[in-house]
Amino acid sequence: MIARLHLYLVDLTAAVVIGVLVGYAMVEHQDKPWWLVVPGTLLVALPVTVRRIWPRTCLVISTVATAAVVVGQVLPTEALGAPTGAVCFALYTVAVDRSRTWSLACLAFAVVAISGVSGGEPENVLVVLAAMSAVWVIGYTTRMRRSYFALETAQQAEQALSDERLRIARELHDVVAHNLSLIAVQAGNAAHVRSPEHAYQALEVISQTSRAALNEMRGLLGVLRSDAGLAPSPGLDGLADLADRASLAGVRVSLEVRGDSAVPEGVGLSAYRIVQEALTNVVKHAAPASCRVLVDVTPETVRVEVADDGPGVKELGVGHGLIGMRERVAVYGGTFSAGPGGGGGFRVVAELPHR
């Protein structure tokens, strides 16, 4: 609002200057009475103050008024500079705010009108044509530049939205895949055990895991609501809960976190999701098994290693889990490897630079 008011004040100042020059020219050269000077001056200069609101109307009024005061011999031909300036102000705004067809039509109208009252001399016509054409080109160039910036801004916003959707999809995949794997394992255990106590334990794990999954999904989907209060993204501090849930699903997890867990939020979230996906794969393909999770935090990198002693897998599969882990590491320019361990089982190693 303040910036807009500043522009209107600039236009008002320009109108006052043009009005003073036009009025002075009327009085100085021909000593015209005030009842001719004042209306003529106002009709020529006043439209400049509202050129941003009604550009075409202002152009027509200033142009017709300029031609009228010259034809009526209220303003001498040699003093056309000031009123032509008023016409150029309006013509620039038309070129900026209106279509090319309209602005070219207004340019032709102004050139013909002002050239027709400029004395008919070729030199005067060329000066008017050159001046107004230059103003039109500047205005139209400004319009094209603004259109380009608006298009670029829209494309950036669309890309940001696409990236955010991709991020949400990746997060949802990790949450759903991990928790549903735990639920599936426990549901299978509950269906085969004969002891009611063991069945109760399996159902309790299913209940806790499903609630945790729902909470995480609500947090992720909450980004689609502008008024949602989101919980902090999971990070290295949440690895202990991951290990506990995997242990309940039959995987004995040994977790060790070395160094300071205070890392950038994005790096911490990526490390958390990598461990989560790796544990999900252990639960799905290796349980019951033992698994060692080592997270080594240094001032430069976060190194994640997840290794199990299960039977291992010969084929890595076509799922999105390993692809998602690799993409998370690639975002930070780190390194990622996944494959059979040296002593059997499966091993995932990721390094995430954060400095």
*State whether the side chain of Thr49 and the backbone N or O of Leu46 hold a donor-acceptor pair below 3.5 Å, judged by distance alone.*
yes
_Residue pair Ala79 / Pro83: nearest heavy atoms and the distance that separates them_ = O-CD, 3.4 Å
_Assigning hydrophobic clusters by single linkage (Ile, Leu, Val, Met, Phe, Trp, Tyr; side-chain heavy-atom cutoff under 4.5 Å), is Ile138 placed with Val135?_
yes
*Full working for side chain to side chain contact (heavy atoms under 4.5 Å, CB included) between Tyr92 and Thr142*: CA-CA 9 Å; Tyr92 170 82; Thr142 301; 3.5 Å; yes
*With side chains defined as the heavy atoms from C-beta onward, is the minimum distance between Thr41 and Met26 less than 4.5 Å?*
yes
_To the closest 0.5 Å, what do you measure between CE (Met132) and SG (Cys88)?_
5.0 Å
*asked:* Taking Arg98's backbone N and O only, do any of them form a donor-acceptor pair with Arg143's side chain (distance below 3.5 Å, no angle check)?
replied: yes
_Shortest non-hydrogen contact from Val128 toward Ser115_ = CG1-OG, 3.7 Å
*Got a second to check how far Cys58's SG is from Leu91's CG, nearest 0.5 Å?*
12.5 Å
*Is Val283 reachable from Leu255 through a run of hydrophobic residues whose side-chain heavy atoms are each under 4.5 Å from the next?*
yes
*Do Thr298 and Arg258 come within less than 4.5 Å of each other through their side chains, counting heavy atoms only?*
no
*Side chain to side chain, Asn281 and Phe346, heavy atoms closer than 4.5 Å*: no
*Heavy-atom distance under 4.5 Å between the side chains of Thr57 and Pro47, does that happen here?*
no
*Tell me, with the steps shown, if Val349 and Arg303 meet side chain to side chain contact (heavy atoms under 4.5 Å, CB included).*
CA-CA 7 Å; Val349 178; Arg303 185 178 185 275; 3.6 Å; yes
*Give, for atom CZ of Arg328 and atom CD of Glu277, the distance between the pair rounded to the nearest 0.5 Å.*
9.0 Å
*Any chance you could measure Thr63, atom OG1, to Leu59, atom CG, to the nearest 0.5 Å?*
4.0 Å
*Give the minimum heavy-atom separation between Ala271 and Leu352, together with the two atoms involved.*
N-CD1, 3.8 Å
*Report yes if some heavy atom in the side chain of Pro340 is under 4.5 Å from a heavy atom in the side chain of Arg347; otherwise report no.*
no
_Residue pair Pro76 / Ala25: nearest heavy atoms and the distance that separates them_ = CD-O, 4.0 Å
*Using a 4.5 Å cut-off on heavy atoms from C-beta on, say whether the side chain of Arg56 contacts that of Val60.*
no
*Minimum side-chain heavy-atom gap Arg292-Glu256 below 4.5 Å*: yes
*Side chain of Asp309, backbone of Ser290: donor and acceptor closer than 3.5 Å?*
yes
*Are Ile114 and Val69 co-members of a hydrophobic cluster defined by side-chain heavy atoms under 4.5 Å apart?*
no
Pairs under 3.5 angstrom only: tabulate donor-acceptor contacts from the side chains of residues 99-113 to other protein residues two or more places apart or in another chain.
unit_1	atom_1	unit_2	atom_2	d
Ser99	OG	Trp102	N	3.4
Ser103	OG	Ser99	O	3.2
Ser103	OG	Arg100	O	3.0
Ser103	OG	Trp136	NE1	3.0

*Distance, nearest 0.5 Å, that separates CG of Leu36 from CG of Leu75*: 12.0 Å
*Are Val267 and Val348 grouped together when hydrophobic residues (ILVMFWY) are joined by side-chain heavy atoms under 4.5 angstrom apart?*
yes
*Which pair of heavy atoms, one from Thr93 and one from Pro55, lies closest together, and at what distance?*
CG2-CB, 3.7 Å
*Side-chain (Thr301) to main-chain (Val297) donor-acceptor, under 3.5 angstrom*: no
_Using modelled atom types and a 3.5 Å cut-off, is there a donor and acceptor pairing between side-chain atoms of His354 and backbone atoms of Gly266?_
no
*Trace of the side chain to side chain contact (heavy atoms under 4.5 Å, CB included) decision for Val87 with Thr66*: CA-CA 9 Å; Val87 174; Thr66 299; 4.2 Å; yes
*Hey, what do you get for CE (Met144) to CZ (Phe149), rounding to the nearest 0.5 Å?*
13.0 Å
*Is Val329 close to Ile274 at the side-chain level, that is, under 4.5 Å between some pair of heavy atoms?*
yes
*Determine whether Leu80 and Val71 fall in the same hydrophobic cluster, where Ile, Leu, Val, Met, Phe, Trp and Tyr are linked whenever their side-chain heavy atoms lie under 4.5 Å apart.*
yes
*Would Leu236 and Val295 count as a side chain to side chain contact (heavy atoms under 4.5 Å, CB included) if you check the C-alpha gap in whole Å, the side-chain angles of each, and the deciding distance to 0.1 Å?*
CA-CA 9 Å; Leu236 300 184; Val295 179; 4.2 Å; yes
_Using the rule side-chain contact (heavy atoms from CB on, under 4.5 Å), only one of Val275, Leu279, Val304 pairs with Leu239; which is it?_
Val275
For residues 9-21, run the donor-acceptor check on the side chains, cut-off 3.5 Å, and write out each pair with its distance to 0.1 Å, sequence neighbours left out.
unit_1	atom_1	unit_2	atom_2	d
Asp11	OD1	Arg51	NE	3.1
Asp11	OD1	Arg51	NH2	3.0
Asp11	OD1	Arg52	NH2	3.4
Asp11	OD2	Arg52	NE	2.7
Thr13	OG1	Leu9	O	2.9

